[in-house]
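Side chains are part of it too, since the values below use all heavy atoms of this structure and drop only hydrogens, waters and symmetry mates. A, B, ... follow the sequence lines: proteins, then strands. Residue 1 opens every chain. None of the values given here were measured: they were computed from a predicted structure.
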2 protein chains.
Amino acid sequence: MRFETSTIKDIAKALGLSTSTVSRALRDRYEISEETKKLVLAYAEKVNYRANPIARSLKERRSYSIGIIVSEIANNFFSQVINGIESIAYDKDYHVIISQSHESYKQEKLNVDHLASRSIDGLLIALSSETQDIDYLRDLYAKGLPIVFFDRVPEDFETHKVIANNFKGSFDATEHLILSGKRTIAHLTNSENLSITKERLEGYKAALVKYHIEFRPELVKYCQHGGMHSAELEQAVKELLPLKPDGIFISSDRLTTGCIMALKKTNPEVAHKIAIAGFTNSNLVELFSPSLTSVKQPAFEMGQVATELLISMIEAKRPVTEFETKVLDTELVKKR
Amino acid sequence: MRFETSTIKDIAKALGLSTSTVSRALRDRYEISEETKKLVLAYAEKVNYRANPIARSLKERRSYSIGIIVSEIANNFFSQVINGIESIAYDKDYHVIISQSHESYKQEKLNVDHLASRSIDGLLIALSSETQDIDYLRDLYAKGLPIVFFDRVPEDFETHKVIANNFKGSFDATEHLILSGKRTIAHLTNSENLSITKERLEGYKAALVKYHIEFRPELVKYCQHGGMHSAELEQAVKELLPLKPDGIFISSDRLTTGCIMALKKTNPEVAHKIAIAGFTNSNLVELFSPSLTSVKQPAFEMGQVATELLISMIEAKRPVTEFETKVLDTELVKKR
DNA sequence: AACGTTTTTGGGAACGTTTGCACAGTTTTT
DNA sequence: AAAAACTGTGCAAACGTTCCCAAAAACGTT
């Protein structure tokens with residue numbers, strides 16, 4: 001802001017002290033006498049002194065802020081994760097800067113670079129569905145930027161990661177469909193690049209195996225853009241329907257809602273006949289028609305855990321070399 | 001970030017120039033010869049020089065970033081506004097910092113103060129439903145921080161504002177209910193503090209007047225917390241139902257979905273008998289059951305317009321004294 | 001009384017920029 | 001040929017902090 005506000009210098013001048021003394025008094029350093037501290041604190045209070053974070057960042061070469069990259073804040077899963085992140089970050093006096101990749105690799109990279117140049121102290125990121133090449137992240141990491149991945153994590157990147165138990169979530173959802181009598185269960189999923197895609201496919205397959213149902217590759221449809229374009233979904237639905245599925249298991253929030261939308265739009269007559277189970281954190285799922293069985297991820301908690309890990313990396317005195325991948329359980333909410 | 005990156009000084013040393021020359025060359029100032037400029041630019045490119053925005057902010061006393069305060073990013077209306085804001089801001093080389101008030105006055109004030117201390121160049125804000133006292137914003141504004149309000153705007157604050165045509169939106173929605181034969185139309189709305197609450201109430205009343213329907217104050221229910229707590233909504237529904245409304249007009253995104261949810265939960269047998277029309281920007285509205293008529297706000301555009309106004313204030317050479325309140329039309333999407 | 005310790009304070013450089021001013025060298029004007 | 005104007009560059013201060021190092025003040029110990 002361009003307007004004048006009182007600085008440490010002003011306080012020093014007014015009190016006849018040096019800036020160093022004032023700075024130390026404000027930070028409650030042991031070297032300063034109680035008397036002086038009180039004096040300074042009282043005056044600072046009086047003139048409503050606020051430390052300038054920009055100057056502090058420049059000097060300390062850190063910003064007390066962490067960057068977040070998600071594909072869309074409009075996605076309930078991500079906005080819940082963000083709330084979890086904020087809850088921890090604010091507690092520990094970090095600020096958060098949110099960026100959206102809109103599932104675009106280019107945008108993701110642009111945002112990360114921008115954040116990095118703004119001296120974020122650490123990065124929390126869920127990869128875009130387009131992202132294949134994460135060398136740019138490796139570079140930053142190698143230069144010392146702490147990174148924690150969540151939800152969509154790369155395989156070959158040694159750092160902390162936080163994910164949902166995607167295998168089990170998918171298994172449970174698929175099993176639920178099977179137990180309610182479905183036998184031709186399609187699987188609509190995200191880009192093949194994503195970790196979550198692979199894990200969820202495995203869960204789906206495992207459930208089929210358990211109930212001796214043959215896995216048919218043609219029943220699996222990938223959406224490269226994560227359902228960002230409705231055309232993509234309508235196409236997938238169009239290809240799937242001739243195979244006469246009696247159930248569909250869908251592996252992401254946006255795809256789940258998008259798929260139901262596409263079904264209703266293109267084939268309203270069958271929309272209610274196909275059982276749907278899908279990952280979604282929408283809090284509106286109870287309003288949906290047709291209703292569905294949903295797999296809810298512990299989004300808020302995921303944000304919290306990821307942030308705790310990140311802050312521990314940021315504040316570690318020596319480089320961290322032991323990394324964890326935390327796996328959080330999902331919750332199956334059955335169709336009413 | 002704590003890791004080393006090349007600075008203007010490094011370039012200067014390497015090229016045997018002074019930092020001033022390098023700085024000017026990078027900023028393409030007329031005083032520097034083409035030759036030197038080329039040299040500097042080439043070298044900067046080579047070492048992948050990135051200006052340190054922190055240092056720049058400190059020196060220039062501005063940050064090229066604008067702050068946003070909304071109540072919830074999980075709200076479709078707000079996330080669309082944010083997308084609109086970003087689309088303009090990035091174009092003009094501003095970065096955005098998003099904060100959520102969660103409809104709490106305290107949180108709102110905290111966030112604003114935090115943003116202000118981080119030297120944002122301007123503020124875009126939609127007030128929380130709790131907010132009554134905006135003196136803290138007046139102070140900042142008086143000190144020189146440009147502020148543009150959108151959606152939830154205060155009455156007595158001279159600056160740019162961007163709102164939807166709430167009166168017309170409400171009128172249209174209410175009229176639609178009347179034309180489909182409803183006569184006992186309840187109105188569920190936000191906190192009385194909010195500008196949108198008043199304007200939407202007026203639109204509702206005007207439609208009643210036009211069709212000679214008596215206005216009954218007991219049919220209007222206010223939700224102080226904007227529907228953040230489900231108890232609040234269930235209470236409102238409980239009080240409304242004994243009055244036997246055959247239609248409900250709801251005045252905000254969160255309230256609309258929350259009300260349907262409360263209806264389904266507490267009185268599933270009547271949920272489908274009451275016609276609902278409500279403000280919502282949810283892109284899932286087609287999936288809802290019961291289905292409803294929705295009033296969509298031009299959220300993306302609202303973000304764009306507000307940002308353009310804000311940036312014009314930020315970049316104005318002399319204090320702006322002429323302010324506009326832009327009013328954007330809403331769209332009525334009738335129930336199928 | 002002289003010295004060593006401990007406690008408290010101040011001076012000043014540094015973080016990476018931007019920019020007013022001065023200055024040297026070149027060109028134009030008188 | 002001297003004066004004026006213009007070009008291109010560098011010096012140094014400033015933005016608001018933090019922190020190393022030194023200095024001063026207060027206190028103890030012989």
Side-chain angles (χ1 to χ4, degrees), chain A residues 1-41 43-44 47-65 93 116-121 144, chain B residues 1-41 43-44 47-65 93 116-121 144:
Chain A
M1 238 162 331
R2 351 196 193 351
F3 52 82
E4 76 305 321
T5 110
S6 51
T7 75
I8 258 183
K9 275 189 194 167
D10 300 333
I11 299 184
K13 201 173 293 170
L15 261 38
L17 294 169
S18 73
T19 59
S20 9
T21 305
V22 174
S23 170
R24 278 185 275 244
L26 290 171
R27 332 190 82 225
D28 201 24
R29 293 303 191 82
Y30 71 98
E31 309 125 298
I32 304 298
S33 70
E34 281 308 318
E35 228 174 335
T36 315
K37 274 185 192 167
K38 257 184 215 142
L39 188 70
V40 170
L41 253 26
Y43 188 78
V47 299
N48 191 29
Y49 168 78
R50 328 239 56 186
N52 181 326
I54 303 273
R56 205 154 117 84
S57 291
L58 181 60
K59 179 64 192 172
E60 297 193 352
R61 319 182 82 176
R62 55 174 300 190
S63 61
Y64 299 92
S65 61
D93 282 324
S117 81
R118 285 212 76 86
S119 300
I120 50 164
D121 297 342
Chain B
M1 240 162 327
R2 357 200 188 346
F3 53 81
E4 75 307 320
T5 110
S6 54
T7 73
I8 257 184
K9 276 189 195 167
D10 301 332
I11 300 185
K13 200 174 294 172
L15 261 38
L17 292 170
S18 73
T19 59
S20 16
T21 304
V22 174
S23 170
R24 278 185 273 244
L26 289 170
R27 331 192 82 225
D28 201 25
R29 293 305 190 82
Y30 70 98
E31 311 124 297
I32 305 297
S33 70
E34 281 309 317
E35 227 174 335
T36 314
K37 274 184 192 168
K38 256 183 217 144
L39 188 70
V40 171
L41 252 27
Y43 188 79
V47 298
N48 190 27
Y49 168 78
R50 327 239 54 186
N52 180 327
I54 303 272
R56 204 153 118 85
S57 290
L58 181 60
K59 180 63 193 175
E60 297 191 357
R61 319 183 84 178
R62 55 174 303 192
S63 60
Y64 299 91
S65 62
D93 281 325
S117 82
R118 285 212 78 85
S119 302
I120 51 164
D121 296 343

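In this view, B/Ser57 and A/Ile54, A/Arg118, B/Ser63 satisfy the side chain to side chain contact (heavy atoms under 4.5 Å, CB included) rule, not counting sequence neighbours. Under the rule for a side chain to side chain contact (heavy atoms under 4.5 Å, CB included), the partners of A/Lys9 that lie at least two apart in sequence or sit in another chain are A/Thr7, A/Thr19. Shown here are the side chain to side chain contact (heavy atoms under 4.5 Å, CB included) partners of A/Leu26, two or more places apart in sequence or in another chain: A/Ile8, A/Val22, A/Val40, A/Leu41, A/Ala44, A/Tyr49.
Contact annotation for A/Ser23: base contact, defined as any heavy-atom pair under 4.0 Å involving a base atom. Counting any heavy atom pair closer than 4.0 Å across all strands shown, B/Thr7 reaches sugar-phosphate atoms only and no base atom.
Rounded to the nearest 0.5 angstrom, B/Asn52 CG and B/Leu58 CG are separated by 10.0 Å.
Salt-bridge formation is detected for the pair A/Glu60/A/Arg27: a Lys NZ or Arg NE/NH1/NH2 atom is positioned less than 4.0 Å from an Asp or Glu carboxylate oxygen.
Under a 3.5 Å cut-off, the side chain of A/Asp121 and the backbone N or O of A/Tyr64 do form a donor-acceptor pair. B/Lys38 places no side-chain N or O within 3.5 Å of a backbone atom of B/Ser33 that could act as its donor or acceptor partner.
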Problem set entry | Evaluation steps, side-chain contact (heavy atoms from CB on, under 4.5 Å), between B/Val47 and B/Tyr43 | CA-CA 6 Å; B/Val47 298; B/Tyr43 188 79; 3.7 Å; yes
Exercise. A/Asp28 and A/Lys37: side-chain contact (heavy atoms from CB on, under 4.5 Å), yes or no, with the steps?
Worked result: CA-CA 7 Å; A/Asp28 201 24; A/Lys37 274 185 192 167; 3.0 Å; yes
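Scanning both residues, A/Pro53 and B/Ser117, for their nearest heavy atoms gives CD-O, 2.8 Å.
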Protein-nucleotides 7-9 of chain C N/O pairs under 3.5 Å:
residue	atom	partner	partner atom	Å
C/dT9	OP1	A/Thr36	OG1	2.6
C/dT9	OP2	A/Ser33	N	3.2
C/dT9	OP2	A/Ser33	OG	3.4
C/dT9	OP2	A/Thr36	OG1	3.1

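Side-chain polar atoms of A/Thr21 and A/Ser18 form a donor-acceptor pair below 3.5 angstrom.
With hydrogens and angles ignored, no donor-acceptor pair closer than 3.5 Å exists between the side chain of B/Lys59 and the base of C/dT17.
For the pair A/Glu60 CD and C/dG16 P, the computed distance is 14 Å after rounding to whole Å. A/Ile54 has its CD1 atom 15 Å from the C1' atom of C/dT18, to the nearest Å. In this structure, the CG atom of B/Asn52 is 13 Å from the C1' atom of C/dT18, given to the nearest Å.
Comparing the helix axis at one end of the helix from C/dA1-D/dT30 to C/dT30-D/dA1 with that at the other, each defined from 5 consecutive pairs, gives an inter-axis angle of 60° (nearest 10°).
Dashed line: the shortest gap from a side-chain N or O of A/Arg61 to OP1 or OP2 of C/dG16 is under 4.0 Å. Side-chain nitrogen and oxygen atoms of B/Arg27 include at least one within less than 4.0 Å of the OP1 or OP2 phosphate oxygen of C/dT18.
Comparing B/Leu58 and B/Thr19 by the nucleotide of DNA chain D whose heavy atom lies nearest to each, the residue mapping closer to the 5' end is B/Thr19.
Contacts between chain B and DNA chain D, taken as any atom within less than 4.0 angstrom of a protein heavy atom, begin and end at D/dG8 to D/dG16.
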